[in-house]
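One structure is given below, encoded as C-alpha coordinates.
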There are 2 protein chains.
Amino acid sequence: MKQETQNNDCSKADLMAVKDALEVLNGRWKLQILIALLNGTKRFKQIAREIDGISDRMLSKELKDLEENQLVVRKVYDAFPPIVEYSTTKHAETLSTVIYALREWGYLHRKKIIGK
Amino acid sequence: MKQETQNNDCSKADLMAVKDALEVLNGRWKLQILIALLNGTKRFKQIAREIDGISDRMLSKELKDLEENQLVVRKVYDAFPPIVEYSTTKHAETLSTVIYALREWGYLHRKKIIGK
DNA sequence: CTGGATCCTCAGGGATACTG
DNA sequence: CAGTATCCCTGAGGATCCAG
(Lines give C-alpha, C1' and ligand atoms only; values in the text may rest on other atoms or scores of the structure.)
Protein backbone atom coordinates (compact mmCIF):
# COMPACT_ATOMS: atom_id res chain seq x y z
CA MET A 1 0.00 0.00 0.00
CA LYS A 2 1.44 3.29 -1.08
CA GLN A 3 1.23 6.18 1.33
CA GLU A 4 0.58 9.51 -0.28
CA THR A 5 1.90 12.28 1.88
CA GLN A 6 -0.52 14.85 0.55
CA ASN A 7 -3.68 12.78 0.59
CA ASN A 8 -5.45 15.24 2.82
CA ASP A 9 -4.41 18.34 0.98
CA CYS A 10 -7.96 19.39 0.27
CA SER A 11 -9.40 18.99 3.72
CA LYS A 12 -7.67 21.17 6.26
CA ALA A 13 -9.67 24.37 5.92
CA ASP A 14 -12.50 22.47 4.29
CA LEU A 15 -12.93 20.30 7.32
CA MET A 16 -13.18 23.43 9.43
CA ALA A 17 -15.86 24.81 7.16
CA VAL A 18 -17.89 21.63 7.38
CA LYS A 19 -17.52 21.64 11.14
CA ASP A 20 -18.64 25.26 11.26
CA ALA A 21 -21.70 24.44 9.23
CA LEU A 22 -22.56 21.45 11.38
CA GLU A 23 -22.19 23.52 14.51
CA VAL A 24 -24.78 26.00 13.32
CA LEU A 25 -27.19 23.34 12.14
CA ASN A 26 -26.68 20.93 15.03
CA GLY A 27 -29.47 19.09 16.77
CA ARG A 28 -32.35 17.55 14.96
CA TRP A 29 -34.60 20.59 14.80
CA LYS A 30 -32.76 23.46 13.14
CA LEU A 31 -33.01 22.22 9.59
CA GLN A 32 -36.61 21.15 9.98
CA ILE A 33 -37.51 24.60 11.24
CA LEU A 34 -35.65 26.27 8.41
CA ILE A 35 -37.34 24.09 5.84
CA ALA A 36 -40.71 25.00 7.29
CA LEU A 37 -39.90 28.69 7.20
CA LEU A 38 -38.31 28.62 3.76
CA ASN A 39 -41.79 27.63 2.65
CA GLY A 40 -43.14 30.90 3.94
CA THR A 41 -43.53 33.12 6.97
CA LYS A 42 -45.22 31.37 9.85
CA ARG A 43 -46.35 31.93 13.42
CA PHE A 44 -45.05 30.07 16.44
CA LYS A 45 -47.85 27.57 16.82
CA GLN A 46 -47.97 27.07 13.11
CA ILE A 47 -44.36 25.90 13.10
CA ALA A 48 -44.94 23.78 16.18
CA ARG A 49 -47.85 22.02 14.53
CA GLU A 50 -45.89 21.42 11.37
CA ILE A 51 -42.87 19.83 12.99
CA ASP A 52 -43.72 16.51 14.48
CA GLY A 53 -42.58 15.97 18.04
CA ILE A 54 -41.04 19.32 18.85
CA SER A 55 -41.87 20.89 22.19
CA ASP A 56 -42.60 24.58 22.69
CA ARG A 57 -39.49 24.89 24.76
CA MET A 58 -37.27 23.46 22.05
CA LEU A 59 -38.91 25.47 19.31
CA SER A 60 -38.42 28.63 21.32
CA LYS A 61 -34.79 27.88 21.97
CA GLU A 62 -34.00 26.83 18.44
CA LEU A 63 -35.66 29.88 16.96
CA LYS A 64 -33.54 32.06 19.22
CA ASP A 65 -30.42 30.23 18.10
CA LEU A 66 -31.34 30.64 14.47
CA GLU A 67 -32.06 34.30 15.02
CA GLU A 68 -28.61 34.81 16.53
CA ASN A 69 -27.11 33.17 13.49
CA GLN A 70 -29.09 35.52 11.29
CA LEU A 71 -31.03 32.74 9.69
CA VAL A 72 -34.50 33.72 10.81
CA VAL A 73 -36.20 37.01 11.57
CA ARG A 74 -38.69 37.51 14.35
CA LYS A 75 -41.43 40.07 13.92
CA VAL A 76 -43.78 41.01 16.72
CA TYR A 77 -47.17 42.59 16.16
CA ASP A 78 -48.60 44.50 19.07
CA ALA A 79 -51.97 42.84 19.35
CA PHE A 80 -54.04 40.61 21.52
CA PRO A 81 -53.77 37.71 21.34
CA PRO A 82 -50.06 38.14 20.62
CA ILE A 83 -48.88 37.61 17.09
CA VAL A 84 -45.28 36.77 16.33
CA GLU A 85 -44.16 35.87 12.86
CA TYR A 86 -40.99 34.13 11.85
CA SER A 87 -39.42 34.18 8.44
CA THR A 88 -36.09 33.31 6.90
CA THR A 89 -33.37 35.72 5.91
CA LYS A 90 -31.59 35.98 2.58
CA HIS A 91 -28.73 34.20 4.21
CA ALA A 92 -30.91 31.23 5.08
CA GLU A 93 -31.81 30.86 1.44
CA THR A 94 -28.21 29.97 0.68
CA LEU A 95 -28.86 26.86 2.74
CA SER A 96 -31.17 25.44 0.12
CA THR A 97 -28.19 23.85 -1.60
CA VAL A 98 -27.42 21.96 1.58
CA ILE A 99 -31.04 20.99 2.05
CA TYR A 100 -31.39 19.75 -1.51
CA ALA A 101 -28.21 17.73 -1.19
CA LEU A 102 -29.38 16.16 2.05
CA ARG A 103 -32.80 15.46 0.61
CA GLU A 104 -31.40 13.76 -2.47
CA TRP A 105 -29.01 11.74 -0.43
CA GLY A 106 -31.76 10.79 1.99
CA TYR A 107 -33.77 9.32 -0.85
CA LEU A 108 -30.74 7.55 -2.22
CA HIS A 109 -29.81 6.11 1.12
CA ARG A 110 -33.29 4.89 1.86
CA LYS A 111 -33.35 3.10 -1.46
CA LYS A 112 -29.94 1.61 -0.74
CA ILE A 113 -30.55 0.43 2.80
CA ILE A 114 -34.24 -0.14 3.26
CA GLY A 115 -35.57 -0.66 -0.22
CA LYS A 116 -32.76 -2.81 -1.45
CA MET B 1 -51.27 38.48 5.14
CA LYS B 2 -52.45 35.95 2.63
CA GLN B 3 -52.43 32.31 3.64
CA GLU B 4 -51.54 29.89 0.91
CA THR B 5 -53.08 26.53 1.60
CA GLN B 6 -50.46 24.61 -0.32
CA ASN B 7 -47.37 26.39 0.90
CA ASN B 8 -45.82 23.17 2.11
CA ASP B 9 -46.55 21.11 -0.91
CA CYS B 10 -42.92 20.36 -1.58
CA SER B 11 -41.88 19.26 1.84
CA LYS B 12 -43.82 16.25 3.07
CA ALA B 13 -41.74 13.41 1.70
CA ASP B 14 -38.78 15.72 1.29
CA LEU B 15 -38.71 16.46 4.98
CA MET B 16 -38.65 12.74 5.66
CA ALA B 17 -35.70 12.34 3.34
CA VAL B 18 -33.78 15.10 5.06
CA LYS B 19 -34.56 13.58 8.43
CA ASP B 20 -33.37 10.19 7.21
CA ALA B 21 -30.12 11.70 6.02
CA LEU B 22 -29.58 13.54 9.29
CA GLU B 23 -30.26 10.38 11.24
CA VAL B 24 -27.49 8.54 9.46
CA LEU B 25 -25.03 11.41 9.73
CA ASN B 26 -25.90 12.46 13.28
CA GLY B 27 -23.35 13.36 15.91
CA ARG B 28 -20.31 15.44 15.24
CA TRP B 29 -18.02 12.68 14.07
CA LYS B 30 -19.58 10.76 11.20
CA LEU B 31 -18.97 13.32 8.51
CA GLN B 32 -15.47 14.05 9.69
CA ILE B 33 -14.65 10.37 9.55
CA LEU B 34 -16.13 10.03 6.10
CA ILE B 35 -14.21 13.03 4.84
CA ALA B 36 -11.01 11.53 6.17
CA LEU B 37 -11.74 8.20 4.51
CA LEU B 38 -12.91 9.68 1.23
CA ASN B 39 -9.36 10.95 1.01
CA GLY B 40 -8.09 7.41 1.02
CA THR B 41 -7.98 4.14 2.91
CA LYS B 42 -6.67 4.53 6.43
CA ARG B 43 -5.92 2.55 9.55
CA PHE B 44 -7.59 3.07 12.90
CA LYS B 45 -4.90 5.14 14.58
CA GLN B 46 -4.40 7.10 11.42
CA ILE B 47 -7.99 8.26 11.47
CA ALA B 48 -7.82 8.94 15.20
CA ARG B 49 -4.78 11.15 14.73
CA GLU B 50 -6.40 13.00 11.88
CA ILE B 51 -9.60 13.89 13.64
CA ASP B 52 -8.99 16.28 16.44
CA GLY B 53 -10.54 15.39 19.77
CA ILE B 54 -12.12 12.04 18.97
CA SER B 55 -11.62 9.23 21.46
CA ASP B 56 -10.86 5.65 20.51
CA ARG B 57 -14.18 4.61 21.89
CA MET B 58 -16.11 7.04 19.78
CA LEU B 59 -14.15 6.29 16.66
CA SER B 60 -14.78 2.60 17.16
CA LYS B 61 -18.48 3.11 17.65
CA GLU B 62 -18.90 5.51 14.79
CA LEU B 63 -17.01 3.28 12.40
CA LYS B 64 -19.32 0.43 13.32
CA ASP B 65 -22.34 2.62 12.69
CA LEU B 66 -20.99 3.68 9.34
CA GLU B 67 -20.27 0.11 8.45
CA GLU B 68 -23.84 -0.90 9.23
CA ASN B 69 -25.03 1.87 6.96
CA GLN B 70 -22.76 0.56 4.24
CA LEU B 71 -20.73 3.71 4.11
CA VAL B 72 -17.38 2.26 5.15
CA VAL B 73 -15.70 -1.09 4.70
CA ARG B 74 -13.52 -2.73 7.30
CA LYS B 75 -10.71 -4.96 6.19
CA VAL B 76 -8.65 -7.01 8.62
CA TYR B 77 -5.19 -8.32 7.86
CA ASP B 78 -4.08 -11.27 9.91
CA ALA B 79 -0.81 -9.98 11.22
CA PHE B 80 0.95 -8.86 14.31
CA PRO B 81 0.64 -6.12 15.28
CA PRO B 82 -2.95 -6.13 14.01
CA ILE B 83 -3.72 -4.17 10.90
CA VAL B 84 -7.22 -3.00 10.14
CA GLU B 85 -7.96 -0.76 7.22
CA TYR B 86 -11.04 1.31 6.64
CA SER B 87 -12.21 2.68 3.36
CA THR B 88 -15.35 4.18 1.94
CA THR B 89 -17.89 2.43 -0.24
CA LYS B 90 -19.28 3.61 -3.56
CA HIS B 91 -22.36 4.64 -1.69
CA ALA B 92 -20.36 6.96 0.55
CA GLU B 93 -19.07 8.74 -2.51
CA THR B 94 -22.58 9.96 -3.24
CA LEU B 95 -22.22 11.95 -0.04
CA SER B 96 -19.68 14.24 -1.60
CA THR B 97 -22.49 16.47 -2.82
CA VAL B 98 -23.65 16.93 0.74
CA ILE B 99 -20.13 17.53 1.95
CA TYR B 100 -19.43 20.09 -0.74
CA ALA B 101 -22.66 21.90 0.02
CA LEU B 102 -21.89 21.97 3.73
CA ARG B 103 -18.36 23.14 3.06
CA GLU B 104 -19.45 25.97 0.81
CA TRP B 105 -22.10 27.06 3.22
CA GLY B 106 -19.67 26.87 6.11
CA TYR B 107 -17.38 29.32 4.36
CA LEU B 108 -20.28 31.56 3.47
CA HIS B 109 -21.61 31.54 6.98
CA ARG B 110 -18.27 32.25 8.53
CA LYS B 111 -17.88 35.25 6.27
CA LYS B 112 -21.38 36.41 7.14
CA ILE B 113 -21.20 36.04 10.90
CA ILE B 114 -17.60 36.32 11.95
CA GLY B 115 -15.90 38.17 9.16
CA LYS B 116 -18.62 40.69 8.59
C1' DC C 1 -2.06 -1.65 17.16
C1' DT C 2 -7.08 -2.40 17.44
C1' DG C 3 -10.39 -1.83 19.86
C1' DG C 4 -13.95 -3.81 23.86
C1' DA C 5 -15.64 -2.87 28.78
C1' DT C 6 -16.65 0.26 32.34
C1' DC C 7 -17.67 4.29 34.57
C1' DC C 8 -18.80 9.10 34.53
C1' DT C 9 -20.26 13.77 33.00
C1' DC C 10 -22.96 16.97 30.83
C1' DA C 11 -25.85 19.00 27.48
C1' DG C 12 -29.93 18.01 24.50
C1' DG C 13 -34.23 17.58 24.92
C1' DG C 14 -39.15 16.08 26.99
C1' DA C 15 -43.22 17.21 30.32
C1' DT C 16 -45.63 20.15 32.80
C1' DA C 17 -47.10 24.31 34.74
C1' DC C 18 -47.36 29.10 34.61
C1' DT C 19 -47.30 34.27 32.84
C1' DG C 20 -48.48 38.32 29.80
C1' DC D 1 -51.31 32.79 21.49
C1' DA D 2 -46.42 33.02 22.56
C1' DG D 3 -43.61 31.85 25.13
C1' DT D 4 -40.66 31.15 30.14
C1' DA D 5 -39.43 28.39 34.22
C1' DT D 6 -38.57 24.15 36.33
C1' DC D 7 -37.56 19.55 36.85
C1' DC D 8 -35.86 15.45 35.11
C1' DC D 9 -34.00 11.90 32.18
C1' DT D 10 -31.62 9.84 28.41
C1' DG D 11 -27.88 9.29 25.58
C1' DA D 12 -23.76 11.32 23.30
C1' DG D 13 -19.40 11.44 24.29
C1' DG D 14 -14.85 11.51 27.39
C1' DA D 15 -11.34 8.87 30.39
C1' DT D 16 -9.31 4.92 31.68
C1' DC D 17 -8.12 0.27 31.88
C1' DC D 18 -7.60 -4.04 29.67
C1' DA D 19 -7.24 -7.91 26.18
C1' DG D 20 -6.04 -10.15 21.66
Side-chain angles (χ1 to χ4, degrees), chain A residues 1 3 15 18-19 21-37 40-69 71-88, chain B residues 1 3 15 18-19 21-37 40-69 71-88:
Chain A
M1 187 182 71
Q3 289 282 356
L15 192 63
V18 174
K19 283 169 68 175
L22 290 178
E23 209 162 306
V24 177
L25 306 174
N26 68 10
R28 51 192 218 268
W29 302 123
K30 302 251 168 55
L31 273 175
Q32 290 189 67
I33 294 172
L34 285 170
I35 291 173
L37 289 181
T41 296
K42 293 192 174 67
R43 297 177 58 178
F44 189 88
K45 273 295 173 195
Q46 210 173 347
I47 306 171
R49 257 179 272 115
E50 219 164 282
I51 299 180
D52 198 51
I54 195 169
S55 62
D56 284 357
R57 180 181 169 304
M58 268 301 119
L59 182 52
S60 172
K61 194 166 71 69
E62 300 292 70
L63 281 170
K64 209 174 289 178
D65 277 9
L66 293 171
E67 208 186 340
E68 278 171 15
N69 278 313
L71 292 169
V72 313
V73 169
R74 181 188 142 107
K75 188 170 184 184
V76 183
Y77 294 89
D78 193 4
F80 193 87
I83 295 179
V84 183
E85 284 185 351
Y86 294 91
S87 52
T88 53
Chain B
M1 187 183 70
Q3 289 281 357
L15 192 62
V18 174
K19 282 167 69 175
L22 290 178
E23 209 162 304
V24 177
L25 307 173
N26 68 13
R28 53 190 216 268
W29 301 122
K30 302 251 170 55
L31 274 176
Q32 291 189 65
I33 294 172
L34 285 170
I35 291 173
L37 289 182
T41 296
K42 293 191 175 66
R43 297 178 58 178
F44 190 88
K45 270 297 172 195
Q46 210 173 348
I47 307 171
R49 258 179 271 115
E50 219 164 282
I51 299 180
D52 198 51
I54 196 169
S55 63
D56 285 357
R57 185 173 106 62
M58 268 301 118
L59 181 53
S60 171
K61 195 166 70 72
E62 300 292 70
L63 282 170
K64 208 175 289 177
D65 278 9
L66 293 172
E67 208 186 339
E68 277 171 14
N69 279 313
L71 291 168
V72 313
V73 170
R74 181 188 141 107
K75 188 170 183 184
V76 183
Y77 294 89
D78 194 2
F80 194 86
I83 295 178
V84 183
E85 285 184 351
Y86 293 91
S87 52
T88 53

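Proteins come first, then strands; the chains are lettered A, B, ... in the order of their sequence lines, and each starts at number 1. As a basis for the values below, the full set of heavy atoms in this structure was taken, side chains included, without hydrogen atoms, waters or symmetry mates.
At the phosphate of C:dG3, OP1 or OP2 sits under 4.0 Å from a side-chain N or O atom of B:Tyr86. OP1 or OP2 of D:dG3 has not a single side-chain nitrogen or oxygen of A:Lys45 nearer than 4.0 Å.
As rounded to whole Å, 11 Å separates atom C1' of D:dA12 from atom CG of B:Asp65. Rounded to whole Å, the distance from CD1 on A:Ile83 to P on D:dC1 is 11 Å. When rounded to the nearest whole Å, the span between CD of A:Glu62 and P of C:dG13 equals 6 Å. B:Lys30 places its NZ atom 7 Å from the P atom of D:dG13, with the value rounded to the nearest Å. Atom NZ of A:Lys42 is separated from atom P of D:dA2 by 14 Å (rounded to the nearest Å). Taking atom CD of residue B:Glu23 and atom P of nucleotide D:dG11, one finds them 14 Å apart after rounding to whole Å. If you take CD of B:Gln32 and P of D:dA12, they are 17 Å apart, rounded to a whole angstrom. Whole-Å rounding puts the A:Lys64 NZ to D:dA2 P distance at 15 Å.
A salt bridge links A:Glu62 to A:Lys30: one of the charged nitrogens lies within less than 4.0 Å of a carboxylate oxygen.
Proximity of B:Val18 to A:Gln32: side-chain heavy atoms (C-beta onward) are nowhere separated by under 4.5 Å. Side-chain contact between A:Lys75 and A:Ile83 is absent, with no heavy atoms from C-beta onward closer than 4.5 Å.
To the nearest 0.5 Å, atom CD1 of residue B:Ile51 and atom CG of residue A:Leu15 are 7.5 Å apart.
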(request) Determine, for nucleotides 14-20 of chain D in 5'-to-3' order, which nucleotides have protein heavy atoms under 4.0 Å from the base (write B), from only the sugar-phosphate (write S), or from neither (write -). (result) BB----B
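Of the candidates A:Lys45, A:Arg49, A:Lys61, A:Lys45 is the only one forming a salt bridge (Lys or Arg N to Asp or Glu O under 4.0 Å) with A:Asp56. Of the listed residues (B:Asp65, B:Thr88, B:Leu66, B:Leu71), just one forms a side-chain contact (heavy atoms from CB on, under 4.5 Å) with B:Ile33, and that residue is B:Leu66.
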